Protein chains: 2
Amino acid sequence: MEKESVVSKIQGAITRNSELFEELANLYKIFGDASRVKILCALTQSEMCVSEISEFLSITQSAVSHQLRILKTSNLVKTRRNGKSIIYSLTDDHVRTIIDCGMEHIAE
Amino acid sequence: MEKESVVSKIQGAITRNSELFEELANLYKIFGDASRVKILCALTQSEMCVSEISEFLSITQSAVSHQLRILKTSNLVKTRRNGKSIIYSLTDDHVRTIIDCGMEHIAE
DNA sequence: TGAACGTATGAACAATTGCTCATATATAGG
DNA sequence: CCTATATATGAGCAATTGTTCATACGTTCA
């Protein structure tokens, strides 16, 4: 019953790290929206303020702010103020890696 | 206006590839559920049938089947029959890469 | 100080999601 | 064939999601 024990080992590893998978799913959930991925991808190229993002996404400034809040809460982006504008940028380079990773899959 | 043109170049690139980002988001949406990530992660270790998955996830066989259908429709998993069982396995190794990529981020 | 601009936020709503329940399909064994 | 077992599927439902609208907050500048 070699196969049997392999499966139960996997079962053990997964149930033991259940929280980790919950976290992982939550991370991917953030990338699972076109608006947010576009924002993140744009930010890999250059920091941007809310109105700039709102413009090229063709969605309301309000909608952008809501999405940015999600990204900030998840620590994927950080902000700084420049006069009346708030400039958003990526907190680290993992975002780029994750996007690339997915793009590679899509490219088949 | 150096900065201005950078932003508009990004805007161009993103709106031009809008469909691609839609696809990307849809891919991540699949990983954005704990049950599905667990299934996918388990399958990186070994192929498994529905009842095995159902057992270690502690969710209904029906729920598992529904999730597996999503994974199959997205071509992330493939199936073969073995007697009364249907054995599920990954279609390729991108899944492993994507999961690793996310795990790396969580590890901080 | 007050108007104008940029951003954040809460409520409301439609759309989507993931589950359960009931039931259908398919295969193996008697 | 008939039954038991394994899986698939559709309907229904509660929970979540992403948007818009209205409005509040914060900064600049006249």
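Model, not experiment: these values are computed from the prediction.
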Between C:dT7 (P) and A:Glu52 (CD): distance, integer Å: 8 Å
DNA chain D: 5'-proximal contact among B:Val50 and A:Asp33 (nearest heavy atom): B:Val50
Length of the line joining B:Leu71:CG and D:dT7:P, which is rounded to integer Å: 15 Å
A:Ile30 CD1 to D:dT17 C1', straight-line distance once rounded to whole Å: 13 Å
Distance in angstrom units between A:Arg69 CZ and D:dC25 C1', rounded: 15 Å
Atom-pair distance (NZ on B:Lys38; C1' on C:dC19), nearest Å: 15 Å
Comparing B:Val64 and A:Ile87 on DNA chain C - which has the more 5′ nearest nucleotide: A:Ile87
D:dT7 OP1/OP2 closer than 4.0 Å to side-chain N/O of B:Ser85: yes
Distance test, side-chain N/O of A:Ser54 to OP1/OP2 of C:dG6, below 4.0 Å: no
D:dT20 phosphate, OP1 or OP2, under 4.0 Å from A:Gln61 side-chain N/O: no
Shortest non-hydrogen contact from B:Ala42 toward B:Phe56: CB-CZ, 3.5 Å
Residue-phosphate contact under 4.0 Å: B:Arg36 side-chain N/O, C:dG18 OP1/OP2: yes
Considering all heavy atoms, the nearest A:Phe31-A:Ile99 contact: CE2-CG1, 4.0 Å
Heavy-atom pair of closest approach, residues B:Gly32 and A:Lys29: O-CE, 2.9 Å
Between A:Ser18 and B:Lys38, a side-chain donor and acceptor under 3.5 Å: yes
5' priority, DNA chain D, between B:Cys49 and A:His66 [closest heavy atom]: B:Cys49
Sugar-phosphate only, base, or nothing, as touched by A:Ser62 at under 4.0 Å among non-hydrogen atoms: base
C:dT7 phosphate, OP1 or OP2, under 4.0 Å from A:Ser65 side-chain N/O: no
Interatomic distance where CG belongs to B:Asn26 and C1' belongs to D:dT17 [whole Å]: 14 Å
D:dA8 OP1/OP2 closer than 4.0 Å to side-chain N/O of B:Tyr88: yes
Separation of C:dT17 P from A:Lys29 NZ (nearest whole Å): 12 Å
Flag for A:Glu55-A:Ser51: side-chain donor and acceptor within less than 3.5 Å: no
Phosphate OP1/OP2 of D:dT7: any B:Ser51 side-chain N/O under 4.0 Å: yes
Separation of atom CD1 in B:Ile70 from atom C1' in C:dT16, rounded to whole Å: 11 Å
Touch class at under 4.0 angstrom, heavy-atom based, for A:Lys72 against every strand present: nothing
Closest approach of B:Ser46 to A:Val6 (non-hydrogen atoms, all atoms of both residues): CB-CG1, 3.9 Å
Candidate pair B:Ile98 and B:Leu27, rule side-chain contact (heavy atoms from CB on, under 4.5 Å), full reasoning: CA-CA 10 Å; B:Ile98 293 175; B:Leu27 174 66; 4.0 Å; yes
What N/O pairs connect the protein and nucleotides 25-30 of chain C at under 3.5 Å? Give each pair on its own line.
none

Below 4.0 Å: OP1/OP2 of C:dC19 and any side-chain N or O of B:Ser35: yes
Heavy-atom closest contact (B:Ile30 atom, B:Arg36 atom, distance): O-NE, 2.8 Å
